[in-house]
S.K.: 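Please read through the structure below; I'll follow up with questions.
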Amino acid sequence: MATTTGAEITQGLDAFRSLVAQQQPTWPDAAALADVSARLAASAPLVVPSEADTLRSRLAAAGRGEAFLLQGGDCAETFADANALRIRNKVRTILQMAVILTHGASMPIVKMGRLAGQYAKPRSSNDETREGVTLPAYRGDMVNGHAFTPEDRVPDPERLMQAYRISSATLNVVRAFTGGGFADLRQVHEWNRGFMRNPAYARYESTAAEIDRAIRFMKACGVDFDALRTVEFFVSHEALILDYERSLTRIDSRSGNAYDTSGHFLWIGERTRQLDGAHVDFLSRVANPIGVKLGPTTAPDDALRLIDKLNPDAIPGRLTFITRMGAGRIRDALPALVEAVRESGAPVTWVTDPMHGNTITSDSGYKTRRLEDVLDEVRGFFEVHRALGTVPGGLHVELTGDDVTEVLGGSEEIDDAGLALRYETLVDPRLNHQQSLEMAFQVAEMLQAR
């Protein structure tokens with residue numbers, strides 16, 4: 001059998017350029033884009049292939065029910081918020097949720113952030129009109145600015161380079177926190193300092209006290225706790241802007257395979273998962289573990305054809321289906337998909353995104369979600385898998401470690417009027433720190449029941 005050469009692999013990586021690529025900016029200066037792409041291609045990788053391979057094995061375990069994926073972070077990162085404090089708060093929130101899930105479900109939790117690359121978002125329209133003025137839509141800081149001015153809204157390829165530099169800095173901070181003792185399981189009480197007392201935090205402190213007792217017992221038995229000082233933490237984002245993703249793709253010297261080194265895990269969105277489209281073609285050619293968002297209109301045949309295209313070799317952990325159905329539709333829309341995949345025998349890790357299908361507009365005009373709807377979609381996800389004898393493998397949520405008021409409900413009882421207090425997101429509403437902990441406790445109970 002003839003082997004594939006590096007030149008042939010590289011040529012294949014560019015095949016997407018002849019296909020329809022949805023949700024791409026209209027770059028006004030082709031020469032500037034080519035210059036930025038060349039600089040990115042000569043830059044150091046943000047992640048290395050061996051880390052992506054490790055994640056693939058962890059996701060395979062989640063697909064078998066031997067672990068559970070927790071993936072969380074901003075709907076869209078912004079350059080302005082890429083500071084150590086906000087990054088720490090997000091990492092801490094994910095770690096706290098993971099502690100709750102691990103303690104409640106007695107299983108390993110795969111920890112992954114929507115971090116260090118989530119700087120682009122798909123939009124329903126290419127343009128936005130305000131008071132008779134039409135400008136390009138805001139597509140995330142990687143593409144253009146949020147301010148409604150002609151200067152800010154023009155797509156600027158130099159922002160791709162800025163996204164790379166800030167993603168690199170973000171990763172440095174994440175690695176420092178997760179590898180330098182901050183993530184030490186013996187610090188579970190310290191992670192709550194600085195937050196006001198309320199039911200979610202009191203319950204977390206109770207869990208932390210139980211973990212403390214268990215650790216003291218094991219220490220008395222002579223257990224070595226060096227392994228508790230660090231934690232595996234992976235980063236992910238939607239692979240939306242293909243010029244950026246292609247420029248950061250490298251050929252692994254160990255295997256000869258191509259890896260997109262912009263993140264450990266990349267996913268294809270609901271709006272860009274066309275089987276004959278550029279996004280599916282490009283990600284079919286990289287060896288990273290990848291995901292695909294599936295909405296309520298997805299047909300079973302769509303899912304099976306995506307499997308054939310994206311994971312023809314049936315590699316466990318390679319493909320994750322992230323369902324985003326809405327609380328009112330998941331119990332009707334999901335079973336046919338899961339059943340078809342189960343009957344095919346293909347290894348797929350099933351994850352729920354309970355956020356995007358439950359977006360509403362409040363009476364006061366805020367884009368928001370109800371925490372109860374979000375939790376109900378998670379319950380529906382577990383119910384479907386329990387009925388079909390399949391594995392609910394993970395949770396994908398938009399959250400922040402800050403005390404924002406963007407999602408209705410929770411023990412703080414955020415109402416329509418309360419949204420205005422600290423509504424900070426530029427795109428989609430996120431769970432705040434307390435709501436994230438509340439979700440973790442409820443999901444832990446679902447995992448126990450599983």
Side-chain angles (χ1 to χ4, degrees), residues 69-72 75 121-124 238 267-273 291-303 306 320-342 348 350-399 405-416 418-419 425 427-432 435-436 438-447 449-450:
L69 170 67
L70 173 61
Q71 182 179 11
C75 58
K121 292 293 287 183
R123 310 305 295 178
S124 57
E238 180 178 355
W267 74 85
I268 302 168
E270 166 77 354
R271 300 180 186 182
T272 54
R273 62 172 175 81
V292 184
K293 292 283 189 82
L294 301 180
T297 62
T298 308
D301 188 59
D302 294 336
L306 284 165
T320 296
F321 279 156
I322 308 165
T323 64
R324 39 159 295 174
M325 305 288 185
R329 303 188 67 177
I330 187 166
R331 293 169 178 84
D332 297 323
L334 183 58
L337 298 182
V338 174
E339 192 168 16
V341 172
R342 182 193 66 186
V348 166
W350 289 98
V351 170
T352 179
D353 166 5
M355 308 294 290
H356 287 89
N358 294 302
T359 304
I360 60 172
T361 300
S362 73
D363 291 341
S364 58
Y366 283 98
K367 185 178 183 181
T368 188
R369 290 148 178 164
R370 298 185 185 92
L371 178 59
E372 181 49 43
D373 293 339
V374 170
L375 292 172
D376 188 50
E377 179 157 358
V378 180
R379 284 191 289 270
F381 176 75
F382 274 82
E383 289 167 12
V384 168
H385 283 285
R386 183 167 60 245
L388 294 175
T390 49
V391 177
L395 177 68
H396 177 124
V397 290
E398 292 182 339
L399 59 81
T405 54
E406 297 171 1
V407 173
L408 297 166
S411 59
E412 287 180 302
E413 298 182 348
I414 297 171
D415 57 14
D416 195 350
L419 293 175
T425 183
V427 187
D428 289 340
R430 306 157 295 175
L431 301 178
N432 63 25
Q435 291 168 331
S436 299
E438 291 179 59
M439 167 177 272
F441 279 113
Q442 296 213 25
V443 174
E445 293 172 359
M446 297 176 207
L447 284 169
R450 184 188 76 173

S.K.: Is any side-chain heavy atom of Pro354 closer than 4.5 Å to one of Leu395?
M.R.: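 They are in side-chain contact.
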
S.K.: Of all heavy-atom pairs between Glu339 and Leu388, which one has the smallest distance, and what is that distance?
M.R.: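 Shortest heavy-atom contact: N-CD1, 4.1 Å.
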
S.K.: Below 4.5 Å, heavy atoms only, C-beta onward: do Pro122 and Thr272 meet side chain to side chain?
M.R.: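 A side-chain contact is absent here, since even the closest heavy-atom pair is not under 4.5 Å.
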
S.K.: With rounding to the nearest 0.5 Å, note down the distance linking CG in Asp416 to OG1 in Thr368.
M.R.: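 One gets 8.0 Å once the value is rounded to the nearest 0.5 Å.
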
S.K.: Check the pair Leu334 / Thr352 against side-chain contact (heavy atoms from CB on, under 4.5 Å), numbers first and verdict last.
M.R.: CA-CA 10 Å; Leu334 183 58; Thr352 179; over 6 Å; no

S.K.: Locate the shortest heavy-atom distance separating Val427 from Cys75; write the atom from each residue and the value.
M.R.: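 Heavy-atom minimum between the residues: CB-SG, 4.0 Å.
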
S.K.: Is a donor on one side and an acceptor on the other found under 3.5 Å between the side chain of Glu438 and the backbone of Gly410?
M.R.: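 No.
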
S.K.: Output the distance between atom CZ (Arg324) and atom CD1 (Ile330), rounded to the nearest 0.5 Å.
M.R.: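 It is 12.0 Å, given to the nearest 0.5 Å.
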
S.K.: Please tell me if the side chains of Thr297 and Glu270 come closer than 4.5 Å, counting only heavy atoms from C-beta onward.
M.R.: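 Yes, side chains in contact.
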
S.K.: Heavy atoms, side chains only, cut-off 4.5 Å: are Ile414 and Asn432 in contact?
M.R.: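 Yes, their side chains come closer than 4.5 Å.
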
S.K.: Hey, what do you get for CG (Leu375) to CE (Met439), rounding to the nearest 0.5 Å?
M.R.: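 Spacing of CG (Leu375) from CE (Met439) equals 5.0 Å.
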
S.K.: Distance from Arg342 atom CZ to Trp350 atom CH2, nearest 0.5 Å?
M.R.: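 Atom-to-atom, Arg342:CZ and Trp350:CH2 are 11.5 Å apart.
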
S.K.: Considering only NZ, NE, NH1 and NH2 on the basic side and carboxylate oxygens on the acidic side, decide whether Glu238 and Lys293 come within less than 4.0 Å.
M.R.: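 Here Glu238 does not pair with Lys293 in a salt bridge, since their nearest N and O are not under 4.0 Å apart.
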
S.K.: Decide yes or no on side-chain contact (heavy atoms from CB on, under 4.5 Å) for Lys121 and Asp428, but give the supporting numbers first.
M.R.: CA-CA 10 Å; Lys121 292 293 287 183; Asp428 289 340; 3.8 Å; yes

S.K.: Would you find more than 12 non-hydrogen atoms of other residues, nucleotides or ligands less than 6.0 Å from Arg331 atom CZ?
M.R.: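 Counting other residues, nucleotides and ligands, CZ of Arg331 exceeds 12 neighbours.
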
S.K.: Restricting to non-hydrogen atoms, name the atom on Val341 and the atom on Ala303 that form the minimum distance, rounded to 0.1 Å.
M.R.: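 Heavy atoms only, the tightest pair is CG2-CB, 4.3 Å.
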
S.K.: With rounding to the nearest 0.5 angstrom, report the CD to CD distance, Gln71 to Glu398.
M.R.: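 It is 10.5 Å, given to the nearest 0.5 Å.
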
S.K.: Just by distance, do the side chain of Glu377 and the backbone of Met355 share a donor-acceptor pair under 3.5 Å?
M.R.: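 It does not hold such a pair.
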
S.K.: Ion pair present between Glu383 and Arg386, side-chain N to carboxylate O less than 4.0 angstrom?
M.R.: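 Judged by the 4.0 Å cut-off on N to carboxylate O distance, Glu383 and Arg386 do not form a salt bridge.
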
S.K.: Donor-acceptor pair, Gln435 side chain versus Gly409 backbone, under 3.5 Å?
M.R.: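 Pair found, side chain donor or acceptor close to backbone of Gly409.
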
S.K.: Step by step, work out the side-chain contact (heavy atoms from CB on, under 4.5 Å) result for His396 and Trp267.
M.R.: CA-CA 12 Å; His396 177 124; Trp267 74 85; 3.9 Å; yes

S.K.: At their closest point, which heavy atom of Asn358 faces which heavy atom of Val374, and how far apart are they?
M.R.: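 So the two residues come closest at ND2-CA, 4.1 Å.
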
S.K.: Identify the heavy atoms of Gly394 and Phe381 that sit nearest to each other, and give their distance.
M.R.: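 Scanning both residues, the minimum pair turns out to be O-CE2, 3.9 Å.
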
S.K.: With the side chain counted from C-beta on, respond yes when Thr298 and Phe321 share a heavy-atom pair under 4.5 Å apart, and no when they do not.
M.R.: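 A side-chain contact under 4.5 Å is absent here.
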
S.K.: Under a 4.0 Å threshold between the charged nitrogen and the carboxylate oxygen, would Arg329 count as salt-bridged to Asp332?
M.R.: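 Salt bridge flag = no for Arg329 with Asp332.
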
S.K.: Considering non-hydrogen atoms only, spot the tightest contact between Val351 and Gly393 and give its length.
M.R.: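 In this case the closest contact between Val351 and Gly393 is CG2-C, 4.4 Å.
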
S.K.: Inspect the contact between Glu445 and Arg379 and indicate whether a charged nitrogen and a carboxylate oxygen are less than 4.0 angstrom apart.
M.R.: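 Result for this pair is no, no salt bridge flagged.
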
S.K.: Determine whether Leu371 and Leu431 satisfy the following criterion, side-chain contact (heavy atoms from CB on, under 4.5 Å), listing intermediate values before the conclusion.
M.R.: CA-CA 8 Å; Leu371 178 59; Leu431 301 178; 3.8 Å; yes

S.K.: Which distance, rounded to the nearest 0.5 Å, do you find between the CZ of Arg369 and the CG of Leu408?
M.R.: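 Arg369 CZ to Leu408 CG: 11.5 Å, rounded to 0.5 Å.
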
S.K.: Do Ser436 and Arg430 make a side-chain contact, defined as non-hydrogen atoms from C-beta onward lying under 4.5 Å apart?
M.R.: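 Sidechains of Arg430 and Ser436: no contact.
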
